[in-house]
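Input: a single structure, listed below in structure tokens.
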Amino acid sequence: MSASVDGPVDRSVRRQWWLVADREVRERLRDKGFVFSTVLLLVIVVVAAFLPGLLSGGTDRYDVAATSATAPLLEQRPGEAGDVQVSVRTVADAAAAESAVRAGDVDAAVLPAAGGAVEVVGDRNVPGGLTQVLTARVLAAESLALLGAAGLDAATAERALAPPPPAQRLLAPDAVDPLTTQLLGLAFSILFLQIVIIFGYSIAQSVVQEKQTRVVELLVTTVPVRQLLVGKIVGNGLLALGQIVVLVAAGLGGLAVADPELLRGLPSVPSAAVWFVVFFVVGFAMLSCLWAAAGAMANRLEDLQSTATPVQMLVMLPFFATFAANDPGTLQSVLSYVPLSSPMVMPKRVLQGDVGWAEPLLALAVIAATAAVFVAVARRLYENSLLQTGRSLSLRSAWRRAA
């Protein structure tokens, strides 16, 4: 048995890890839970892409009744905001206007009041946005009348009431809106966290189940332990990569449909998405071997939580640390080079447009070097623990025990 751990039984057979990877992929694709979770995540990403547009509410439209005396007061003034549109319906008299309000044919009525004043009449209430627009229009019309009575011509009076706004000039017109950066950066972080934990636990559970059912003792007679580890990581890594690419593409597609101006105005969004996928692949490779080792150290599924907690903390703590690095600065720059937080922070810096092409490559090199160390450690823990049944192993025992 020990020979099967240290080296292949049949050295003429190559790429045995691919057989393991293929098995992992097939089993996961047949898992209804995996398919359902993928579809659910896809729906969430698409809805999130459309949600800002849905919540914005669009333009509010109202119908207002007015008499021949008050209708001229409700003309739209130059420079008026277009979030509220008011359609004025002229009626015969105040009684007809009130009847239209009671029947629900109009949202409100603007009628003459005592002393030459004007009143807004509603049924149970008058929407706040409509009240503001009607008040502004009536006050503007009355002000124009007073200025005209004072001898000011109409054009000058209009300019006095609604002077042209100052011209706007941006020093950084291509800069990304800070709120947009924070939201998209949070989306990148959440996706990385969720996919790594979901597939990480899948790798660990697969290893524990094979130990618990003694299937692993049969596997290692034909597949070396090292190639078994590689196969599990590659198989789940391909599925994770496929899932993340689909989710990112769905998010970009949703944004392109829901808010085309956003993508046209933010050329760094697609670039940041590509970098996120690249960092995800390297980051997943760095952490997935540790999940396999955590599974090998557990003897039962019930014990997996304790052995997997250290690996889970390696994902969770950097995730929460990114919340302290929302704004550009020293902390954000440092976290973008820390291997465990870099996959979540560096794409955000790319989105902000404050990094050169060499900085992401340098961060990837740091992650790759860290991954080499993690793989070496995890491989030893995995090989030393895989065939040890009867009880879960501590980290020290798994490191020292000879396979």
Side-chain angles (χ1 to χ4, degrees), residues 47 49-170 173 177 179-180 183 254-265:
V47 170
F50 281 89
L51 197 58
L54 295 176
L55 294 178
S56 64
T59 301
D60 295 324
R61 293 176 173 82
Y62 299 102
D63 291 322
V64 175
T67 64
S68 57
T70 58
L73 302 176
L74 303 182
E75 295 180 359
Q76 184 173 359
R77 315 309 309 176
E80 183 178 301
D83 293 338
V84 176
Q85 291 186 1
V86 178
S87 177
V88 180
R89 182 186 306 178
T90 304
V91 295
D93 50 29
E98 292 180 1
S99 176
V101 172
R102 292 192 187 94
D105 295 334
V106 294
D107 298 289
V110 178
L111 304 175
V118 174
E119 63 179 356
V120 178
V121 179
D123 187 13
R124 296 180 181 274
N125 60 69
V126 180
L130 177 59
T131 299
Q132 293 177 1
V133 171
L134 295 179
T135 301
R137 290 187 181 183
V138 170
L139 291 177
E142 292 178 343
S143 299
L144 283 174
L146 291 174
L147 291 174
L152 203 63
D153 63 275
T156 304
E158 285 282 2
R159 288 197 300 271
L161 290 177
Q168 187 179 76
R169 182 169 61 91
L170 300 178
D177 177 66
L179 180 60
T180 302
L183 292 177
L255 285 176
V257 175
D259 194 353
E261 295 298 327
L262 177 63
L263 289 184
R264 281 197 290 267

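In this chain, numbering begins with 1 at the start of the sequence shown.
For Pro112 against Glu119, the heavy-atom pair with the smallest separation is O-OE2, 4.1 Å. When all heavy atoms of Thr90 and Ser68 are compared, the pair lying nearest together is CG2-N, 4.1 Å.
With sequence neighbours left out, the side-chain contact (heavy atoms from CB on, under 4.5 Å) criterion links Val101 to Val106, Ala109, Asp123.
One distance of note links CG of Asp63 with CG of Asp105; it measures 9.0 Å at 0.5 Å rounding.
In this structure, Thr70 contributes its side chain and Thr67 its backbone to a donor-acceptor pair below 3.5 Å. Listed for the Asp107 side chain is no donor-acceptor partner under 3.5 Å among the backbone atoms of Val64.
Proximity of Leu130 to Val86: side-chain heavy atoms (C-beta onward) are separated by under 4.5 Å at one or more points. Looking at Leu111 and Val118, their side chains never come closer than 4.5 Å, going by heavy atoms from C-beta outward.
A side chain to side chain contact (heavy atoms under 4.5 Å, CB included) with Arg137 is found for exactly one of Leu139, Val133, Thr135, namely Val133.
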